[in-house]
Amino acid sequence: MIVQAIAFYLFAAVTVGSAFLVITAKNPVHSVLFLILAFFNAAALFVLMGAEFIAMILVIVYVGAVAVLFLFVVMMLDINFVELRQGFQQYLPFGLLIGAILLVELILILAGSIAAPDALAPAASPAPSLDQVTNTHALGAVLYTKYIYLFQGAGLVLLVAMIGAIVLTHRKREGVKKQDSFAQFARRREEAVELKKVEPGQGIQ
Amino acid sequence: MFVAKDLAPLVPELFVAVSAMVLLLYGVFAKGNPTRTVVWASVLVLVVALVLVWQVPAGRQAVLSGMFVTDSFTAVMKSLVLIGSAVSLVLSVGFIRQEEMERFEFPVLLLLATVGMMMMVSANDLISLYVGLELQSLALYVVAAFRRDSERSTEAGLKYFVLGALSSGMLLYGASLIYGFAGSTNFTDLAKLFAGGHGHVSVGLVVGIVFLAAGLAFKVSAVPFHMWTPDVYEGAPTAVTAFFASAPKVAAMALFVRAIISPFGALVAEWQQIIILLAGASMLLGAFAAIWQKNIKRLMAYSSIGHVGFALVGLAAGTSEGVRGVVVYMAVYLAMTLGTFACILAMRQKNGLVEGIDDLAGLARTQPGMAFALAVFMFSLAGVPPLAGFFGKFYVFMAAINAKLYVLSVIGVLSSVVGAFYYLRIVKIMYFDAPGEPFLHPMPRELGVVAAVASLFTLLFVVFPMPILNGAAMAAKALFP
């Protein structure tokens, strides 16, 4: 138990610390690297909770794809981060004040109210208990049966995102050479090769 | 587990989604520019879907673990959505050719947006509500920015995207609070939980409903969540604006009604004040802010904010009669808006499209037919009696008065009087001002047909109101079992 507690506090502290560094680091590349550190520690927290599937997804999707994409964008685009940060200190007190007011309000409201006792019955988990199946298995069992509608709907959303990205960025440019393999295959020997008889001492004209 | 029987209510959605993918593939592989073919094929797909909507098994069907529901409310609202989408596509035919937007992805995106709207109308769960809403919104963000070389169009797309994402965040936060405090996201389960009265209502749940309503108000552009509407309507290509003002408005309003009435119908006292505030503020802003507008698209944006306010009056009543009013209002609004935009799209001079209200000066002398149609729509939008717009307002206010919402009704009547000023100003400019540069004659055929049909509907509603009224009553009854 004590080992678990120590591990939790270690991972949690590193997560919060690196998340803080993400927004304070001067160099945007450092920010992204701290973000990756935060993701890894959050994944470790999920493992501690017994949610190994979400932990792995977090590493694969967020570290493997999203963070690398961020890094790519930060390095590709020439963004002046010093300029973006201007006015940060000026807005900071006001932002903190609004954030604090909202937080206090939400805590007051949410702490003061409890869910109705019989409201929890419909929320009872449809998945079998964790000591019978792994949670990857449990998720897979409902994702393609009970939630097939949402799964397919989310697929359509991704299709729209893909079409949108292509429509808004792809444009036909003039003068770009493209490989046309059919034209290459269709070429015959006579079109491509010409035999010349070279007389000695004269060369080709 | 699902079986084929479960898919029967989904046939219209499946048909439109699969057709959209087939047309996408056709567009990619076809030789030449396939846009014209794809546009007309999409219109055909929507018409077939309209037939299919009425072929699904009658009565209430909740399938796919209760996430998708069909009943007469969904049938009526989906019909309006499909008509709105199909007519907007017809309106866009000439526009996308002349404005160099002729790419086959445009009709495909509109089809996918329509699938999203149908999913919204049929949503019976907070999660399926969100998935449908995102499908629709994402496609709309893209078409708003479709003319990416135009600064205004990209600005409209970006603005819509950022604010839409914000509103989705609020909606999701509300949904998570509702799930946390009620234990379910399913509308049927929630309705069962609250049927007993107020025993299960905690403050957290009410906060959740407020956030949910705020997110939905964003999508229907009700005050105070309307800021994006004028800029997006003005910046987006006009054919896209016509689409925005028609089908998505109807779908979002249908979603609003269902998401409030179906799970929280028993808790009228908890959400009524929110809707009253949204309705009152929208009507007032729609009436006053439109007075100073010089651009007709911007004017239509404020007008649509006002009309959303009038429709919400019916929802604020919280009764079956009120919902009937909302459905009638949306049907009438759809006809008036599509007709008006058909006229706006015909405002083409030698140098291209114009959008100024002053450009309409003396239209009655140069193009009497178009001027008459536009005058009919303006009188109807203002709510002048024998026209359809009057009956839309009549039914929502009758419901509000029966629900004892006297103050709201008075605000509504007063703001429609103020609103009449700017609608009638357009009529005055068309009929009594000296003509300026005339529009290119004649009006394109498809625009003329749409304007003529819409103005006939607006004029003759008083003679044949029964189909719409009966349909609306049937739809409203489905929400109040």
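Any value given below was found using the heavy atoms of this structure, including those in side chains, with hydrogens, waters and symmetry copies removed. Letters A, B, ... are given to chains in the order of the sequence lines, protein chains preceding strands, and every chain is numbered from 1.
With a 4.5 angstrom heavy-atom cutoff, A:I163 touches chain B only via side-chain atoms. For B:A139, the parts sitting under 4.5 Å from any heavy atom of chain A are the backbone and the side chain alike. Residue B:L177 touches chain A through its side chain alone, counting heavy-atom pairs closer than 4.5 Å. In this structure, the portions of B:V131 lying under 4.5 Å from any heavy atom of chain A include both its backbone and its side chain. For B:V115, the part lying under 4.5 angstrom from a heavy atom of chain A is the side chain only. Both the backbone and the side chain of B:I127 come within contact range of chain A, with heavy atoms under 4.5 Å apart. Contacts between B:V143 and chain A at a heavy-atom distance below 4.5 Å are absent for every atom of the residue. Neither the backbone nor the side chain of A:L158 comes within contact range of chain B, judged by heavy atoms closer than 4.5 Å. The contact between A:A154 and chain B is made entirely by backbone atoms, counting heavy-atom distances below 4.5 Å.
Of the N and O atoms on the side chains of B:N33 and B:T35, at least one donor lies less than 3.5 Å from an acceptor on the other residue.
Under the 4.0 Å criterion applied to side-chain N and carboxylate O atoms, B:R152 and B:E155 are not assigned as salt-bridge partners.
The two residues B:P263 and B:F194 make their nearest non-hydrogen contact at O-CD1, 3.5 Å. Nearest heavy atom pair, residue B:A156 against residue B:V232, reads O-CG2, 3.8 Å.
Here the side chain of B:T154 pairs a donor or acceptor atom with the backbone of B:E151 at under 3.5 angstrom.
Between B:F211 and B:Y173, the ring planes are perpendicular. Angles over 60° get that label, and only those under 30° would be called parallel.
Between chain A and the options B:M21, B:E134, B:R103, the largest number of non-hydrogen pairs under 4.5 Å is found for B:R103.
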Test side chain to side chain donor-acceptor pair (under 3.5 Å) on B:K78 and B:S122 and set out the steps. CA-CA 9 Å; B:K78 277 183 199 171; B:S122 273; 2.8 Å; yes
